[in-house]
Amino acid sequence: MSGGLLVAGTTSDAGKSVVTAGICRWLVRQGVKVAPFKAQNMSLNSFVTTEGAEIGRAQAMQAQACRVEPTALMNPVLLKPGGERSSQVVLLGKPVGELSARGYHGGRQQQLLGTVLDCLEQLRGTYDAVICEGAGSPAEINLRRTDIVNMGIARNAGLPVLVVGDIDRGGVFASFFGTVALLSPEDQACVAGFLVNKFRGDVSLLEPGLEMLHGLTGRRTYGVLPFRHGLGIDEEDGLRVSLRGAVRESVVAPPVGEDVLRVAVCAVPLMSNFTDVDALAAEPGVVVRFVDRPEELSDADLVIVPGTRGTVRALEWLRERGLAEALARRAAEQRPVLGICGGFQILGEHIEDDVESRRGHVDGLGILPVRVRFAREKTLTRPRGEALGERVEGYEIHHGVADVTGGAPFLSDDEGHSLDGCRVGQTWGTHWHGSLESDGFRRAFLREVAAAAGRRFVPAPDTSFAALREEQLDRLGDLIEQHADTGALWRLIESGAPQGLPFIPPGAPA
């Protein structure tokens, strides 16, 4: 087998990331050597590869679905928003500067087309198949001229396009038809067909509509995926459901001990890598919620200040909302608080920032004896160490350099020398993302939190976060295998879009 596919969507959050991962897992179970690819990703959730490159977490998750190590080739351009109108541009895993949206789409993006095509070509030369993910909608006609992630990459690389639509939102037939009808004749020739996502009910009731869609567009539907809870792993852009309730939607086992453990995560602006708390939410009896009011901290057993792309802005937000005062009060009362990356910096004494916010000296919350200076070079590493007598692995993505002047080390090497972070009383801080995915450390940490909170909570002795993630990826593969026309999908990946697909007027505006 040798080929590729671009998974596009009628909208953002149509399910492109999970469908791409599902196709990858289905293919690898068939013995296909497969890799994911997303030319350009806009996300505050990122990951560090073994070679020290920063890529979107969704592509790291998709690489795991392929059972391969993620590399910078899989996500050559990553945009990390720093506000409403500007983003940090990460090229081949390294930051190369800040650009406004107008500056990026006004010329810089088109200059990157050769780079992303070269990365895709390298992957296609190494793997049997490359499953690409688009961004937003391919019918964003205002951006088509500079597009390098949807039809721009499909046209230049000769990829067939499968358009995913979220029927749970409603209007999926209009979205499918309108997406095709707003493309140029050349772009339309790449669009092979559709995939319905998140369907609830009797598929036979949907079939007449799919037949009419085929008659109107000349394009078939390659599958109808049923709605499944708990598949939103490694989200890209925002919290969506999480902000309205608990992180996990799926049913988990009851607590092992007599009590549950309540975790409140401060929903700071430009929150990054909020996937750090997924491992906590996977524990039976741990309830994780995102909060934005001080009164929501009162009944929490653990409060987490997460990472953020705007440390100084997040610090101001905490003060404006009264959360800063609530955090200081918790720390003084010896009630557990954990700061991760930007959250760790916020808990320190002061921040010297001439890089991110360019605000110079800013006082922190003064809870931890830490002084932070923002360096122009970004730290991108995959460290290992020990904490609470357990092995810990993580990854670092930050400009802030921490000078710890007191407290106890949080993460140490084999000889007990401090590697990162610090602890004072029941307040911890670390730059390491992903540390809670280390099962032994997570259980030890939760036991400490429970003891400090006076909860009769007991961590489950056998929760494996890696195994749970594998189960979720297998569930995605099962969705494709059981509810998509895999024979037709295979032919599409191998041979490209069918010839002679009709043009649907009016096409792209001149």
field: Closest heavy-atom pair and its distance - Cys190, Ala497
entry: O-CB, 3.7 Å
message: Determine whether a donor-acceptor pair (N or O, by modelled atom type, separation under 3.5 Å) exists between the side chain of Asp276 and the backbone of Gly434.
response: yes
- prompt: Going by atom types alone, do Glu393 and Ser438 pair a side-chain donor with an acceptor below 3.5 Å?
  reply: no
query: In Å, rounded to the nearest 0.5 Å, how long is the span from CG of Leu183 to CD1 of Ile504?
result: 10.5 Å
field: Side-chain heavy-atom pair Glu140, Leu143 within 4.5 angstrom cut-off
entry: yes
field: Derivation and outcome, side-chain contact (heavy atoms from CB on, under 4.5 Å), residues Glu133 and Leu6
entry: CA-CA 6 Å; Glu133 180 188 343; Leu6 176 72; 5.8 Å; no
- prompt: Are side-chain heavy atoms of Phe374 and Gln345 found at a separation under 4.5 Å?
  reply: yes
task: Could you pull out the closest heavy-atom pair between Met74 and Ala35, with the gap in Å?
output: CE-CB, 4.4 Å
query: Are any side-chain N or O atoms of His399 and backbone N or O atoms of Ala375, one a donor and one an acceptor, separated by less than 3.5 Å?
result: yes
field: Heavy-atom closest contact (Phe441 atom, Arg391 atom, distance)
entry: CB-O, 4.0 Å
task: Would you name the heavy atoms of Leu44 and Ser272 that are closest together and state the gap between them?
output: O-CB, 3.0 Å
- request: Would you name the heavy atoms of Val268 and Gly307 that are closest together and state the gap between them?
  value: CG2-O, 4.1 Å
- line: Residue set satisfying salt bridge (Lys or Arg N to Asp or Glu O under 4.0 Å) with Glu396, at least two apart, ordered chain then number -> none
field: ring pair (Phe, Tyr, Trp, His ring centres under 6.0 Å) partners of Tyr395, counting only residues at least two apart
entry: Phe47, His433
field: Close side-chain approach of Val7 and Ile131, heavy atoms under 4.5 Å
entry: yes
message: Does any part of the side chain of Val180, heavy atoms only, come nearer than 4.5 Å to the side chain of Phe194, both counted from C-beta?
response: yes
field: CD/Glu121: more than 12 non-hydrogen atoms of other groups inside 6.0 Å
entry: no
- prompt: Between Asn197 and Ile167, is any pair of side-chain heavy atoms under 4.5 Å apart?
  reply: no
message: Given 3.5 Å as the limit, does a donor-acceptor pair link the side chain of Lys38 with the main chain of Pro76, or not?
response: no
query: In this structure, are over 12 heavy atoms from other groups packed under 6.0 Å from Arg144 atom CZ?
result: yes
message: Between the side chains of Arg442 and Asp439, is the shortest nitrogen-to-carboxylate-oxygen separation below 4.0 Å, so that they form an ion pair?
response: yes
- prompt: Is Glu296 salt-bridged to Arg289, going by a charged N under 4.0 Å from an acidic O?
  reply: no
query: So, Asp128 side chain and Val34 main chain: donor-acceptor pair closer than 3.5 Å or not?
result: no
Residues Ile153, Leu117; criterion side-chain contact (heavy atoms from CB on, under 4.5 Å); working and verdict: CA-CA 7 Å; Ile153 196 83; Leu117 287 172; 3.5 Å; yes
- line: Taken to the nearest 0.5 Å, the spacing of Leu195 CG from Leu225 CG works out to 4.5 Å
- prompt: What's the spacing between Glu211 CD and Arg220 CZ if we round to 0.5 Å?
  reply: 12.0 Å
field: No-hydrogen, no-angle side-chain donor-acceptor test under 3.5 Å, Arg313 and Thr308
entry: no
task: Go through the steps to decide whether Val203 and Glu207 satisfy the test side-chain contact (heavy atoms from CB on, under 4.5 Å), and finish with yes or no.
output: CA-CA 6 Å; Val203 176; Glu207 288 171 350; 4.1 Å; yes
- prompt: Taking the side chain from Asn156 and the backbone from Gly152, do they hold a donor-acceptor pair closer than 3.5 Å?
  reply: yes
query: Looking at Val196, Val164, Val191, which one forms a side-chain contact (heavy atoms from CB on, under 4.5 Å) with Phe176?
result: Val196
Show which side-chain atoms of residues 19-28 pair as donor or acceptor with protein atoms under 3.5 Å away, not counting sequence neighbours.
| unit_1 | atom_1 | unit_2 | atom_2 | d |
| --- | --- | --- | --- | --- |
| Thr20 | OG1 | Lys16 | O | 2.8 |
| Arg25 | NE | Ala65 | O | 2.9 |
| Arg25 | NH1 | Glu470 | OE1 | 3.2 |
| Arg25 | NH1 | Asp474 | OD1 | 2.9 |
| Arg25 | NH2 | Gln64 | O | 3.1 |
| Arg25 | NH2 | Glu470 | OE1 | 3.3 |
| Arg25 | NH2 | Glu470 | OE2 | 3.3 |

task: Please tell me if the side chains of Arg309 and Pro81 come closer than 4.5 Å, counting only heavy atoms from C-beta onward.
output: no
field: Side-chain touch Leu280/Asp278, heavy atoms, less than 4.5 angstrom
entry: no
- prompt: Rounded to the nearest 0.5 Å, how far does CG of Leu73 lie from OG1 of Thr49?
  reply: 9.5 Å
query: Are Glu356 and Lys80 within salt-bridge range, i.e. N to O under 4.0 Å?
result: no
message: Taking Gly171's backbone N and O only, do any of them form a donor-acceptor pair with Ser175's side chain (distance below 3.5 Å, no angle check)?
response: yes
task: Output yes when Asp478 and Arg29 qualify as a salt bridge under the 4.0 Å nitrogen-oxygen rule, no when they do not.
output: yes
- prompt: Just how far is it from atom CG of Asp187 to atom CG of Asp147, taken to the nearest 0.5 Å?
  reply: 8.0 Å
- request: Look at the rings of His431 and His398 and say which category their plane angle falls in: under 30° parallel, 30 to 60° tilted, over 60° perpendicular.
  value: parallel
- prompt: Can any side-chain N or O of Asp353 pair as donor or acceptor with the backbone N or O of Val312 at less than 3.5 Å?
  reply: no
Contact summary for Trp432 and Ile340, nearest pair of heavy atoms: O-CG2, 3.8 Å
message: Just by distance, no angles: are the side chains of Gln88 and Lys378 close enough, under 3.5 Å, to form a donor-acceptor pair?
response: yes
- prompt: Under the side-chain contact (heavy atoms from CB on, under 4.5 Å) criterion, do Arg384 and Val392 qualify, and how do the steps go?
  reply: CA-CA 6 Å; Arg384 298 181 179 184; Val392 186; over 6 Å; no
message: Is it the case that the side chain of Thr221 and the backbone of Gly223 share a donor-acceptor pair, with hydrogens and angles ignored and the cut-off at 3.5 Å?
response: no
- prompt: If you round to the nearest 0.5 Å, how far is CD of Gln59 from SG of Cys132?
  reply: 10.5 Å
- request: Could you tell me whether a side-chain N or O of Asn273 sits under 3.5 Å from a main-chain N or O of Thr275, the two making a donor and an acceptor?
  value: no
- prompt: Is the backbone N or O of Val77 less than 3.5 Å from a side-chain atom of Asn75, with the two atoms forming a donor-acceptor pair by type?
  reply: yes
query: Just by distance, with hydrogens left out, do Ser43 and Asn45 show a side-chain donor and acceptor under 3.5 Å apart?
result: no
task: Answer yes or no on whether Arg469 is positioned over the face of Phe465, meaning its NZ or CZ is under 6.0 Å from the six-membered ring centre and within 45° of the axis.
output: no
Pro226 and Phe199, any side-chain heavy atoms less than 4.5 Å apart: no
